[in-house]
Amino acid sequence: MSSYNEDDAFEAAAAPRGGGLAARAMGAAMEARTAPYLDGLNPAQREAVETLDGPVLMLAGAGTGKTKALMSRVAHLVLSGRARTDEILAVTFTNKAAKEMRVRLEKEPFGIPTPMRWMGTFHSICVKLLRRHAELVGLKSNFTILDTDDQIRLLKQLIVAEGIDDKRWPARMLAGLIDQWKNRAWTPDALPASEAGAYNHMGGVLYAQYQERLKTLNACDFGDLLLHMVTIFQTHEDVLAQYQRWFRYILVDEYQDTNVAQYMWLRLLAAGHKNICCVGDDDQSIYGWRGAEVGNILRFEKDFEGAKIVRLEQNYRSTEHILAAASGVIAGNKGRLGKTLFTEAKGGEKVRLIGHWDGEEEARWIGDEIEAMRGGTRGMDPIGLNSMAILVRASHQMRSFEDRFLTIGLPYRVIGGPRFYERLEIRDAMAYFRLIVSPSDDLAFERIVNTPKRGLGDKAVQKIQMMARTNGVSLVDGARLLLETKGLGGKGAVELGKLLDGLDRWGAAARVGEMSHIEVAEMALEESGYTEMWQNDKTPEAPGRLDNLKELVKALEEFENLQGFLEHIALVMDNDSEDATEKVSIMTLHAAKGLEFPAVFLPGWEDGLFPSQRSMDESGLKGLEEERRLAYVGITRAEKLCTISFAGNRRVYGQWQNALPSRFIDELPEDHVEVLTPPGLYGHQGGMMGQASPVMQAAESDLHEAAAKANVYNSPGWRRLQERQGARGLSQPSESKNMVIDAQAVSAFTVGDRVFHQKFGYGSIEAAEGDKLDVAFDKAGTKKVVGKFLVAAEAAGDTPF
DNA sequence: ACAGGTTCGCTTTTT
DNA sequence: GCGAACCTGT
């Protein structure tokens with residue numbers, strides 16, 4: 001989605017409808033002849049495609065041909081003459097998804113020739129709309145979009161100005177809060193009192209100040225793009241009506257990921273005709289932590305009266321064992337809309353489960369396994385590395401795999417690492433570009449004023465800021481005044497003069513148009529000394545950074561001017577460099593959503609890591625359920641072979657910690673799981689396996705190891721296992737003495753409970769003696785605390801402060 | 001102004 | 001255990 005002119009769509013909107021009618025007539029004729037896009041759809045898909053009018057919720061399980069149905073629906077709308085392509089609003093979450101759809105729609109069997117103007121992310125569509133109506137929220141149409149970095153820098157200034165200690169109250173935290181507020185569509189005056197008191201009682205005040213500041217900067221952040229449009233729609237009926245009429249049909253992908261603001265935006269736009277089709281899967285909602293509301297999809301029927309619900313349940317991706325394993329896990333969640341995936345593909349490998357001594361061993365085993373599969377193993381055909389993926393819960397888990405794969409020379413690629421446009425050198429370069437396009441971009445100026453080093457330190461910058469503020473001008477002009485009034489001397493003054501001259505010249509060159517924007521960009525990077533700075537840098541990263549700068553300049557070629565480029569970057573940030581060589585993919589479970597691989601490895605299934613302790617502490621049952629959905633997403637990525645593993649010991653923050661198998665492992669249905677017990681993994685095997693399930697056997701052999709290592713008897717996982725063992729009539733481990741659960745104890749807490757303390761944060765109870773408790777805090781170490789100063793971690797997580 | 005030492009604080013991530 | 005971010009001495 002690069003550089004089509006955003007105004008085109010509006011010109012088209014103003015144009016008479018004659019062309020549309022002709023297109024419609026043509027579409028109808030095409031449908032009469034044949035509708036190839038309807039062939040090969042199963043009954044559910046077909047229903048989802050043919051129910052064009054009124055609200056439709058397409059509940060599409062993993063691998064059920066959702067995209068195909070969505071595409072067919074668009075084709076059906078267009079080719080049957082119901083709507084022109086530019087009368088369909090199609091919203092996705094990522095640019096990648098939008099791009100993919102655009103490409104697929106142009107090809108057979110759909111063959112939609114005209115581009116879908118209004119297909120894009122919530123944010124990119126909102127930018128287009130907001131540029132048109134910016135003045136209604138006090139912005140000019142050429143407003144800039146701030147990224148997280150700018151946002152934090154701005155907030156920090158406000159925080160310091162308020163005399164708040166930004167150590168104790170980091171700007172990041174406030175940025176996070178404001179983000180969440182915007183996700184919930186709370187403007188500063190609509191902010192509930194309970195929220196406004198956050199951030200040392202200053203949250204509300206600072207939020208309001210921040211919004212004011214953005215307005216004077218003629219800027220907005222990502223959240224504003226949506227929030228401003230919602231505000232405009234709510235306060236300007238005529239504007240809303242215009243778009244309600246224009247967008248005759250609305251399609252939404254990944255509806256389970258929508259936040260409140262996005263939901264309101266959609267409801268407002270759909271309120272007239274109600275022709276809205278939302279596609280999603282409540283079981284794959286994994287972005288609650290960034291404001292997604294599963295409630296939106298669960299409530300759909302209530303929100304849109306007479307809504308038709310279509311379930312896509314036939315899975316075309318995975319074997320029955322994989323589906324059964326995934327279903328077994330997700331069944332543990334409450335409040336699902338409910339779907340039962342089925343497949344016609346019978347047989348195949350069971351889901352494999354294996355325990356390891358530690359994380360390194362796990363990485364070693366997976367590396368070996370990948371090598372074996374590459375050559376063909378266990379009667380399976382050889383699988384290419386591109387067909388294999390390792391999906392982890394947290395990115396720090398990737399390290400052990402990278403280390404291992406580097407030593408054995410196994411090619412891998414990490415998906416979703418630091419992205420191109422987030423890199424230091426790219427952002428610096430872009431700050432220069434921003435200043436060329438708009439010299440009043442103060443944040444960009446602050447970023448590069450002393451990069452490369454110009455002898456302009458804190459003191460000089462403060463002088464510039466003072467001058468700018470007292471004269472009510474931008475920093476660039478403030479700097480100019482400062483030089484004119486000789487307010488700055490020495491080397492700094494000379495260098496600042498050079499920078500200002502440079503900015504004038506580059507800006508003029510860009511405007512005159514004698515040079516291409518690419519030449520202007522090169523000139524700026526060269527003359528500012530920025531390129532030179534990296535050439536003189538002898539750190540190992542420097543060459544890579546120079547390469548990146550070259551790549552950045554090359555990327556300019558696709559755009560008409562710098563402005564268009566910056567716009568694109570602010571929103572698109574996509575960075576999939578195609579790479580022909582075969583490589584194993586390593587990524588987080590979150591990054592894996594929507595992807596599929598013949599063979600998938602799911603390492604690190606240990607309680608605390610996965611499900612993540614923090615998730616459970618902060619969000620309790622809600623958090624656990626989201627973790628479970630993450631497990632579901634992970635398993636359903638696999639087509640043929642899914643291998644789950646856990647380690648008894650793992651290095652966390654440099655410290656060795658022991659761990660218990662994830663509770664999700666207990667939820668895997670035995671009949672669909674094969675437990676691998678690699679020979680020689682443990683010094684001893686067996687012991688008390690008895691007639692326990694295969695799943696339990698593996699868990700147990702590992703548990704004994706872990707148990708021998710350290711005091712793990714307090715963990716919920718251990719207690720759970722004991723319960724299970726009791727139920728199965730297995731022997732109790734002798735070391736259960738620490739399991740003090742004294743019903744008579746004065747304290748409401750028992751050993752192993754997760755608790756929260758106002759000062760020390762989260763921790764777990766190590767020992768309980770009446771009301772006196774020993775608590776091992778995650779951060780503050782072990783302390784003796786009286787029970788009344790503690791709350792259950794779960795309860796604390798629900799009331800942020 | 002800046003290099004070198006020290007402390008802090010650590011999911012998930014898109015736009 | 002590691003990197004960023006902050007502090008201190010020159």
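Residue numbering restarts at 1 for every chain, and letters A, B, ... go by the order of the sequence lines.
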Self-check item: d(CD, A:Gln180; C1', B:dT13) in whole Å
Solution: 12 Å

Quiz item: Across the strands shown, which category fits A:Asn450 at heavy-atom distances under 4.0 angstrom: base, sugar-phosphate, nothing?
Solution: sugar-phosphate

Quiz item: Taking for each residue the nucleotide of DNA chain B bearing the nearest heavy atom, is the 5' side occupied by A:Lys459 or by A:Ser612?
Solution: A:Lys459

Practice problem: Figure out the CG/P separation between A:Asp179 and B:dT12, and round it to whole Å. | Solution: 17 Å

Self-check item: A:Asp224 versus A:Gln211, side-chain donor and acceptor atoms under 3.5 Å
Solution: yes

Self-check item: Ring geometry between A:His396 and A:Tyr653 (parallel below 30°, tilted from 30 to 60°, perpendicular above 60°)
Solution: tilted

Practice problem: Apply side-chain contact (heavy atoms from CB on, under 4.5 Å) to the pair A:Ser612 and A:Glu627, showing each step before the final yes or no. | Solution: CA-CA 7 Å; A:Ser612 139; A:Glu627 295 285 307; 3.7 Å; yes

Exercise. For A:Glu254, answer base if it contacts any base atom (sugar-phosphate contacts may also be present), sugar-phosphate if it contacts only those atoms, and nothing otherwise; contact means non-hydrogen atoms under 4.0 Å.
Key: nothing

Quiz item: Which nucleotide in the set B:dT13, B:dT15, B:dT11 lies at the smallest distance from any side-chain heavy atom of A:Thr121?
Solution: B:dT15

Quiz item: Which part of the nucleic acid, if any, lies within contact of A:Ile286, taking any heavy atom under 4.0 Å across all strands shown: a base, the sugar-phosphate backbone alone, or nothing?
Solution: nothing

Quiz item: Is the A:Trp289 ring parallel, tilted or perpendicular to the A:Tyr287 ring (thresholds 30°, 60°)?
Solution: tilted

Exercise. Check every strand shown and say whether A:Tyr653 touches a base, only sugar-phosphate, or nothing at a heavy-atom separation below 4.0 Å.
Key: base

Practice problem: Starting at atom CD of A:Glu627, determine the distance to atom C1' of B:dT11, rounded to an integer number of angstrom. | Solution: 8 Å

Quiz item: Quick one: A:Arg290 CZ to B:dT15 P, roughly how many Å, whole number?
Solution: 8 Å

Quiz item: Atom OH of A:Tyr287 to atom P of B:dT14: distance rounded to whole Å?
Solution: 6 Å

Quiz prompt | Lys/Arg N to Asp/Glu carboxylate O, A:Lys453 vs A:Glu495, below 4.0 Å | solution = no

Practice problem: Might you confirm whether atom CD of A:Glu402 has over 12 heavy atoms from other residues, nucleotides or ligands at distances under 6.0 Å? | Solution: yes

Quiz item: Base, sugar-phosphate, or nothing: which does A:Ser395 touch, judged by heavy atoms less than 4.0 Å apart?
Solution: sugar-phosphate

Exercise. Can you tell me the distance, in whole Å, between the CE atom of A:Met398 and the P atom of B:dC10?
Key: 20 Å

Practice problem: Look at A:Asp179 together with A:Arg184 and state whether they make a salt bridge at an N to O cut-off of under 4.0 Å. | Solution: no

Self-check item: Most 5' of A:Gly223 and A:Gly455 on DNA chain B, judged by nearest nucleotide
Solution: A:Gly455

Practice problem: Decide, applying a 5.5 Å centre-distance limit and a 30° plane-angle limit (both strict), whether A:Trp289 stacks on B:dT12. | Solution: yes

Quiz prompt | Base-contact (B) and sugar-phosphate-only (S) positions in nucleotides 2-8 of chain C, heavy-atom cut-off under 4.0 Å, - elsewhere | solution = S---SS-

Quiz item: Under a 90° cut-off about 0 for the syn range, is B:dT12 syn or anti?
Solution: anti

Exercise. With the side chain counted from C-beta on, respond yes when A:Trp605 and A:Pro661 share a heavy-atom pair under 4.5 Å apart, and no when they do not.
Key: no

Quiz item: B:dT13 phosphate, OP1 or OP2: any side-chain N/O from A:Thr588 under 4.0 angstrom?
Solution: yes

Practice problem: Write down the distance between CG (A:Asn183) and C1' (B:dT14), rounded to a whole number of angstrom. | Solution: 10 Å

Quiz item: Whole-Å distance between B:dT12 C1' and A:Arg393 CZ?
Solution: 5 Å

